[in-house]
Amino acid sequence: MWRRVVRCLQTNPVGQMRMSQSTFAGKVAVVTASTDGIGLAAAQALGQRGAHVVVSSRKQANVDKAVALLQNQNIRVTGTTCNVGKEEDREKLVQLTLDQCGGIDILVSNAAVNPFFGNTMDSTEEIWNKILSVNVTAAFLMAKLVVPHMEKRGGGNIVFVSSIGGYQPMQGLGPYCVSKSALLGLTKVLAPELAPSNIRVNGVAPGVIRTRFSSALWENEDFMDEFSKQLSIKRAGETEEIGSVISFLCSEEASYITGETIVASGGFSSRL
Ligand code: NAP
């Protein structure tokens with residue numbers, strides 16, 4: 001029996017099972033909030049595997065920089081500004097993608113804000129409205145906009161970027177963590193509804209990843225010392241380690257996975 005397993009591993013080395021430059025050939029991927037951090041890493045991972053990626057964020061200068069960086073890596077890329085909280089921006093992003101790329105196969109909904117740190121009981125209606133409208137409502141509305149175009153292509157993939165905080169709330173980040181739990185629910189709700197259209201809906205829940213967004217956490221040695229005690233892999237994560245999970249979820253290698261959120265947190269507890 002073991003001899004058969006070893007032979008199988010010899011003929012199918014792990015390297016051969018890895019995704020190739022043509023995994024997403026002919027596919028168009030829209031990644032929101034993708035001029036930095038996890039969104040940019042997702043665009044890179046999808047683009048390196050052959051997708052035409054559409055990157056966007058609020059600031060034109062950031063879009064220009066991200067487009068140049070991806071072009072330098074021979075990735076097919078289109079860029080535009082899009083604040084996901086604005087309906088006209090979301091529509092512009094989708095229309096531009098259709099005009100310039102001819103369709104949409106993949107949506108990575110990555111944008112989020114967190115304008116509040118403190119006791120949840122001190123948060124205001126304004127804060128809740130802001131967090132929920134950008135982190136949850138806009139994520140759903142982006143999905144709603146792209147689904148008819150995925151259906152025209154015979155299917156597609158949606159990935160919501162949630163957070164480990166959606167499973168295990170972090171102190172001081174109450175409303176943000178609630179918004180990230182909502183994305184776990186949105187993933188579960190949309191997966192069966194969109195399965196008949198051959199659209200898979202999944203999520204990724206990163207732990208602490210070294211980006212600007214979370215710099216207050218990973219740059220704080222005291223926090224990291226304490227936090228690391230709860231990690232199996234005792235370091236903050238890198239953006240590429242989330243980009244690769246997103247790319248896996250969008251690939252045919254994940255063809256039997258829908259409605260799931262993969263936790264990539266270095267082993268931080270993740271039970272809701
Ligand atoms: P980041 O490195 O700070 O990048 C944020 C990106 O979002 C930038 O490109 C920014 O560009 C853009 N952006 C901000 N607000 C936007 C808006 N309203 N509409 C469109 N684009 C917007 O952040 P990140 O850490 O990669 O975070 C990305 C996602 O990962 C978020 O959903 C976050 O909740 C999640 N996450 C992060 C961590 C972590 O430890 N870093 C952990 C768990 C989950 P502009 O300024 O030009 O708009």
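All ligand and atom numbering here is 1-based and tracks the order in the structure. The figures here come from the full heavy-atom set of this structure, side chains too, leaving out hydrogens, waters and symmetry mates. Since the structure is predicted, the reported quantities are computational estimates derived from the model, not experimental observations.
The atoms of ligand 1 that sit less than 4.0 Å from any heavy atom of Gly37 are 2 (O), 26 (O). Heavy-atom proximity to Ser57, at under 4.0 Å, picks out these atoms of ligand 1: 9 (O), 11 (O), 12 (C), 21 (N), 45 (P), 47 (O), 48 (O). Of all atoms in ligand 1, numbered sequentially from 1 with element shown, those under 4.0 Å from a heavy atom of Ile209 are 39 (C), 40 (O), 41 (N). Near Ser214, meaning under 4.0 Å from any of its heavy atoms, are these atoms of ligand 1: 39 (C), 40 (O), 41 (N). For ligand 1, the atoms sitting less than 4.0 Å from at least one non-hydrogen atom of Ala112 are 31 (C), 32 (O), 34 (O), numbered in the order shown with element in parentheses. Of all atoms in ligand 1, numbered sequentially from 1 with element shown, those under 4.0 Å from a heavy atom of Val208 are 40 (O).
Contact annotation: for Ala205 versus ligand 1, there are no heavy atoms closer than 4.0 Å. Contacts between Trp218 and ligand 1 below 4.0 angstrom, taking non-hydrogen atoms only, are absent altogether. With a heavy-atom cut-off of 4.0 Å, Ala66 does not touch ligand 1 at all.
Separation of atoms CD (Gln44) and CD (Glu240) is listed at 6.5 Å; rounding is to 0.5 Å. Between atom OG of residue Ser269 and atom CG of residue Leu231 there is a gap of 11.0 Å, rounded to the nearest 0.5 Å.
Summary of contacts: the protein heavy atom closest to atom 4 (O) of ligand 1 is Asp36 CB, 3.8 Å. Of the protein's non-hydrogen atoms, the one nearest atom 18 (N) of ligand 1 is Asn83 OD1, 3.1 Å. In terms of protein heavy atoms, atom 25 (O) of ligand 1 is closest to Thr211 OG1, 2.5 Å. Summary of contacts: the protein heavy atom closest to atom 16 (C) of ligand 1 is Arg58 NE, 3.6 Å. Residue, atom and distance of the protein heavy atom nearest to atom 38 (C) of ligand 1 are Gly207 O, 3.9 Å. Atom 23 (O) of ligand 1 has Phe213 CB, 3.2 Å as its closest protein atom, hydrogens excluded (heavy atom only). Annotation: atom 34 (O) of ligand 1 to nearest protein heavy atom, Tyr176 OH, 2.5 Å. Ranking protein heavy atoms by distance to atom 12 (C) of ligand 1, first place goes to Ala33 CB, 3.7 Å.
Residue contacts with ligand 1: Gly85 is placed with no nitrogen or oxygen under 3.5 Å of a nitrogen or oxygen of the ligand (distance criterion only). Distances between N or O atoms of Ser56 and those of ligand 1 include no value under 3.5 Å. At a 3.5 angstrom cut-off on N or O pairs, Thr35 counts as close to ligand 1. Checked against a 3.5 angstrom limit, the closest N/O atoms of Val84 and ligand 1 fall inside it.
Val147 and Ile104 fall within the same hydrophobic cluster, defined by Ile, Leu, Val, Met, Phe, Trp and Tyr side-chain heavy atoms under 4.5 Å apart, directly or through other members. Placement of Ile75 and Val67 within a single hydrophobic cluster is found when ILVMFWY residues are connected by side-chain heavy-atom separations under 4.5 Å, directly or transitively. Ile131 and Val178 end up in different hydrophobic clusters when Ile, Leu, Val, Met, Phe, Trp and Tyr side chains are linked at under 4.5 Å. Two different hydrophobic clusters hold Leu190 and Leu132 under the rule that ILVMFWY side chains link at heavy-atom gaps under 4.5 Å.
Heavy atoms only, all atoms of each residue included: Ser247 and Leu46 are closest at CA-CD2, 3.9 Å. When all heavy atoms of Thr78 and Leu96 are compared, the pair lying nearest together is CG2-CD2, 3.6 Å. Considering every non-hydrogen atom in both Ile242 and Pro206, the closest pair reads CD1-CB, 3.7 Å. The two residues Met170 and Cys177 have their closest heavy-atom pair at N-SG, 3.4 Å. The shortest non-hydrogen separation linking Gly166 to Leu184 is O-CD1, 3.7 Å. In terms of heavy-atom proximity, Ala143 sits nearest to Phe160 at CB-CZ, 4.2 Å.
Looking at Asn62, Val113, Val161 and measuring to atom 35 (C) of ligand 1, the nearest heavy atom belongs to Val161. Between the choices Ile38, Thr239, Asn110, the shortest heavy-atom distance to atom 29 (C) of ligand 1 belongs to Asn110.
Distances shorter than 4.0 angstrom do not occur between any heavy atom of Arg210 and any atom of ligand 1. Residue contacts with ligand 1: Ala61 is excluded, as none of its non-hydrogen atoms falls under 4.0 Å. The shortest heavy-atom distance from Gly237 to ligand 1 is not under 4.0 Å.
Of the listed residues (Val201, Ile106, Thr187, Ile246), just one forms a side chain to side chain contact (heavy atoms under 4.5 Å, CB included) with Val159, and that residue is Ile246.
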Per-pair distances, 0.1 Å, donor-acceptor, side chain in residues 53-65, under 3.5 Å, sequence neighbours excluded:
from  : atom 1 : to    : atom 2 : distance (Å)
Ser57 : OG     : Thr35 : OG1    : 2.9
Gln60 : NE2    : Asp64 : OD1    : 2.9

Taking only distance into account, with no hydrogens and no angle test, what donor-acceptor pairs under 3.5 Å do side-chain atoms of residues 107-118 form with protein atoms, sequence neighbours excluded?
from   : atom 1 : to     : atom 2 : distance (Å)
Asn110 : ND2    : Thr32  : O      : 3.4
Asn110 : ND2    : Ala33  : O      : 2.9
Asn114 : ND2    : Phe116 : O      : 3.1

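Less than 6.0 angstrom separates the ring centroid of Phe227 from the ring centroid of Phe268.
Under the 4.0 angstrom criterion, atom 44 (C) of ligand 1 counts as having a protein heavy-atom contact.
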